[in-house]
A.B. asks: 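Provided herewith is a single structure, encoded as structure tokens, for subsequent inquiry.
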Amino acid sequence: MASYEQNKLQLYNSLTGKKEVFKTINPGSVGMYVCGPTVYSNVHLGNCRTFISFDMIYRYLRHLGYKVRYVRNITDAGHLTDDADQGEDKISKKARLEQLEPMEVVQRYTIDFHNVMNKFNSLPPSIEPTATGHIVEQIEIIKTIIDKGFAYEKDGSVYFDVIKYNKQHHYGILSGRNIDDMIANTRELEGQTEKENAQDFALWKKASPAHIMRWPSPWGDGFPGWHLECTVMSSKYLGETFDLHGGGMDLKFPHHECEIAQGQAAHGHSPVNYWMHANMLTLNGKKMSKSTGNSILPEELFSGDNDFMQKSFAPSVVRFFMMQAHYRSVLDFSNDAILAAEKGFNRLVEALKIVKTLQSGASSTVDVHAWQKRAYAAMNDDFNTPILIAELFEATKLIHAIAEGKQTITEADLSILTTTMEAFFYDVLGLQDASAAAGEAASNHLDGAMKLVIDLRATARANRDFATSDKIRDDLAAAGIQLNDGPDGTSFTVQ
RNA sequence: GGCGUCUUGGCCGAGUGGCUAGGCACAGGUCUGCAAAACCUGCUACAGCGGUUCGAGUCCGCUAGACGCCUCCA
């Protein structure tokens, strides 16, 4: 029996507002789509939280034995800077500003995105399609939506007819809005004359002569609307209805709402069974945002070169910090919070080393099975990583107790403890031991040199030459190497 | 203005109506030449007011505050 059959996974479905038992369309397989970044600038830490959250979800689904096809797009065209007719494509705007070819911008920031996600130990998706690679399919689906009567052409642009759609379906089903409220509360925007209604959104935009990124279409030269690419690429690679669609909370409306409308209009049924939304990462209590300057780049955090934090932090520490909060909660990033996370993270890393040195005994005085069950229960309850981490700390206490001989454990139980700890820490949470990543060869050389220094200090201490022994200890500490004196001798840790 | 979410101990952060979340910090202890580190122990809070209930952090209402979306946003 596969692991996913034994674990009753429940997840919060944004569409219904409830936790639901996860039931896939095809047994054992999951089709999962997550809205990726618009590659017009470096991804900031807030962007990363969403992708790390869904990386964890992807990892846990795989851990449960599901075969997952994970599609995450790259938006390299079609994203307007505003919704008015003067709207300009984000990529081409950046290209103009930096005197670059649009695809040069795309290339630069796509590479940056991949580098950052790599450092966060985020697994690459199964398919990473681009909007510009699917212009033909987007034009085709626009034709279909026009044919079905849910879109109209106006002067080289095509708009989705939200009012007409809403007569048959509920536009606002995901975000909990209704069309009358939206109409009553629409802001007055200049240049909206083309649309029949302010709520209508663009499927295709006519390109002005100055617009760099443009493609021919039945309606003239232009470029696709932002919402369309996700509908096209998800249905192409996952089918017209698929299991799971994720993205940041800020995409719920209008982007995901429009995706539902487009899918429904084009294919006659709702595109997604489970909608999941990762919450925002805030800085100083406010949403991280490139445009307001209230953001921090991952690289600035890894290097320590920023105005917010007092030191640098390893990618796994940052990831651990995020995993300590539930993905649906707003999380505030601060110096104090990440410092606390780093210490806790180090304790877990240490426990993972100790667990490998434990000796098994004839009987177990600890209930490893109950513990393992609680750990899975936490994850099965809408991916509750904070509780999972609390259980990992509980296991840490057990490991110390066994190491000190206060508790005993059988070989079989020790095996469960070790593999479960490692599976959750490395495979599911996607964490890495920073010191191990630093390089085995270098650390072997350091080990040899440190053995010499530690021996010299031990000799000095034996001779009660504390001036020498303390100088060794203090100077090493200043160099970032901490000596740990214990009953069995001295070890060291690199800070 | 509309819609929605949130307000938990010094800090971060989970909590399905009744049972200790967890981490950090702090205090005491063990170990140590002294420290540090490590480990052990301790630390019972739920914005305010009212209601439902045998019982509420957990449900309902009101008040205050914060945040998000409504415009590009992960």
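Chain A is the first sequence line, chain B the second, and so forth, proteins listed ahead of strands; every chain is numbered from 1.
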A.B. asks: I'd like a table of atom pairs between the protein and nucleotides 66-68 of chain B - only N or O on both sides, under 3.5 Å - with the distance next to each one.
C.D. replies:
unit_1, atom_1, unit_2, atom_2, d
C67(B), OP1, Lys286(A), NZ, 3.2
G68(B), OP1, Lys287(A), N, 3.0

A.B. asks: Going from CZ on Phe160(A) to CG on Leu228(A), what distance comes out if it is rounded to the nearest 0.5 angstrom?
C.D. replies: 10.0 Å

A.B. asks: Got a donor-acceptor pair under 3.5 Å from the side chain of Asp470(A) to the base of G33(B)?
C.D. replies: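 Check passes, donor-acceptor contact within cut-off.
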
A.B. asks: I want to check a possible cation-pi pair here: Arg177(A) against Phe253(A), using under 6.0 Å from ring centre and within 45° of the ring axis as the test.
C.D. replies: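 Yes.
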
A.B. asks: Do His256(A) and His227(A) have ring centroids that are under 6.0 Å from one another?
C.D. replies: no

A.B. asks: How many Å lie between CG on Asn335(A) and C1' on G10(B), as a whole number?
C.D. replies: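 Atom CG in Asn335(A) sits about 16 Å away from atom C1' in G10(B).
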
A.B. asks: Any chance you could measure Arg319(A), atom CZ, to Leu431(A), atom CG, to the nearest 0.5 Å?
C.D. replies: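 Here the interatomic distance stands at 6.5 Å.
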
A.B. asks: Could you tell me whether Gly247(A) contacts a base, only the sugar-phosphate backbone, or nothing, with contacts defined as non-hydrogen atoms closer than 4.0 Å?
C.D. replies: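 The residue Gly247(A) makes sugar-phosphate contact but no base contact.
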
A.B. asks: Taking the side chain as everything from C-beta on, heavy atoms only, tell me whether Glu391(A) gets closer than 4.5 Å to Trp371(A).
C.D. replies: yes

A.B. asks: Please evaluate the base of A36(B) for a donor-acceptor partner in the side chain of Asn484(A) within a cut-off of under 3.5 Å?
C.D. replies: no

A.B. asks: So what does Leu483(A) hit on the nucleic acid, given a heavy-atom distance under 4.0 Å: a base, only sugar-phosphate, or nothing?
C.D. replies: base

A.B. asks: Do Phe321(A) and Phe345(A) make the cut of ring centroids closer than 6.0 angstrom?
C.D. replies: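 That pair fails the under 6.0 Å test.
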
A.B. asks: In chain order, what residues pass the ring-ring contact (aromatic ring centres under 6.0 Å, His included) check against Tyr70(A), with sequence neighbours excluded?
C.D. replies: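 ring-ring contact (aromatic ring centres under 6.0 Å, His included) list for Tyr70(A), sorted by chain: Tyr58(A).
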
A.B. asks: For the P atoms, the ones on U20(B) and on G57(B), what distance do you get once it is rounded to whole angstrom?
C.D. replies: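 Straight-line distance between the two P atoms is 14 Å.
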
A.B. asks: Atom OG1 in Thr132(A), atom CD in Gln138(A): separation rounded to 0.5 Å?
C.D. replies: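 The OG1 atom of Thr132(A) sits 9.0 Å away from the CD atom of Gln138(A).
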
A.B. asks: Can you find a side chain N or O atom of Ser329(A) that sits less than 4.0 Å from OP1 or OP2 on A14(B)?
C.D. replies: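 It does, given that an N or O in the side chain of Ser329(A) lies less than 4.0 Å from OP1 or OP2 of A14(B).
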
A.B. asks: Applying a 3.5 angstrom cut-off to the pairing atoms, does RNA chain B sit in any stems of at least three consecutive Watson-Crick or G-U pairs? List them by first number.
C.D. replies: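 B:1-7 with B:64-70, B:10-12 with B:22-24, B:26-30 with B:38-42, B:47-51 with B:59-63 - these are the stems of 3 or more pairs that involve RNA chain B.
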
A.B. asks: Does CD belonging to Gln359(A) count more than 12 external heavy atoms closer than 6.0 Å?
C.D. replies: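 No, because the 6.0 Å sphere around CD of Gln359(A) holds 12 heavy atoms or fewer from other groups.
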
A.B. asks: Atom CG of Asn279(A) and atom OH of Tyr327(A): how far apart are they, to the nearest 0.5 Å?
C.D. replies: 10.5 Å

A.B. asks: Distance between the P atoms of C19(B) and U44(B), in whole angstroms?
C.D. replies: 15 Å

A.B. asks: Which salt bridge (Lys or Arg N to Asp or Glu O under 4.0 Å) pairs, counting each pair once, include a residue from residues 31-49 of chain A, with sequence neighbours left out?
C.D. replies: none

A.B. asks: Assign a letter to each nucleotide of nucleotides 22-28 of chain B from its 5' end: B, base within under 4.0 Å of a protein heavy atom; S, sugar-phosphate only; -, no contact.
C.D. replies: SSSS---

A.B. asks: What integer number of Å spans the C1' atoms of A66(B) and U8(B)?
C.D. replies: 15 Å

A.B. asks: When we call it a touch if two heavy atoms are under 4.0 Å apart, what does Ala325(A) touch: a base, just sugar-phosphate, or nothing?
C.D. replies: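 Sugar-phosphate, backbone atoms only, no base.
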
A.B. asks: G18(B) and U58(B): how far apart are their C1' atoms, nearest whole angstrom?
C.D. replies: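 The answer is 11 Å between these two C1' atoms.
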
A.B. asks: Given the side-chain rings of Phe120(A) and Phe51(A), with only the six-membered ring counted for Trp, is the space between their centroids under 6.0 Å?
C.D. replies: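 For Phe120(A) and Phe51(A), the ring centres are not under 6.0 Å apart.
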
A.B. asks: Give, ordered by number, those residues of residues 398-409 of chain A having at least one heavy-atom distance below 4.0 Å to an atom of RNA chain B; if nothing qualifies, reply none.
C.D. replies: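 Hits under 4.0 Å, by residue number: His400(A), Glu404(A).
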
A.B. asks: Distance check, P atoms only: G23(B) and C72(B), in whole angstrom units.
C.D. replies: 44 Å

A.B. asks: I want to check something: taking the side chain as every heavy atom from C-beta on, are Ile260(A) and Val272(A) in contact at a cut-off of under 4.5 Å?
C.D. replies: no

A.B. asks: Considering only the C1' atoms, how many Å lie between C43(B) and G22(B), rounded to the nearest integer?
C.D. replies: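 Rounded to whole Å, the distance is 14 Å.
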
A.B. asks: Take a 6.0 Å sphere around NZ of Lys311(A) and say whether it holds more than 12 heavy atoms from other residues, nucleotides or ligands.
C.D. replies: yes

A.B. asks: What nucleic acid atoms does Phe253(A) come within less than 4.0 Å of, heavy atoms only: base, sugar-phosphate, or nothing?
C.D. replies: sugar-phosphate

A.B. asks: Between Phe302(A) and Phe313(A), is the ring centre distance below 6.0 Å?
C.D. replies: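 Centroid distance Phe302(A)-Phe313(A): not below 6.0 Å, so no.
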
A.B. asks: If you compare every side-chain N and O of Asn178(A) against the phosphate oxygens of C3(B) (OP1, OP2), does one of them come in below 4.0 Å?
C.D. replies: no

A.B. asks: Just the rounded figure in Å: distance from C1' of A37(B) to CD of Glu350(A).
C.D. replies: 10 Å

A.B. asks: Give me the distance, rounded to whole Å, that separates A56(B) from G17(B) when you measure between the C1' atoms they each carry.
C.D. replies: 6 Å

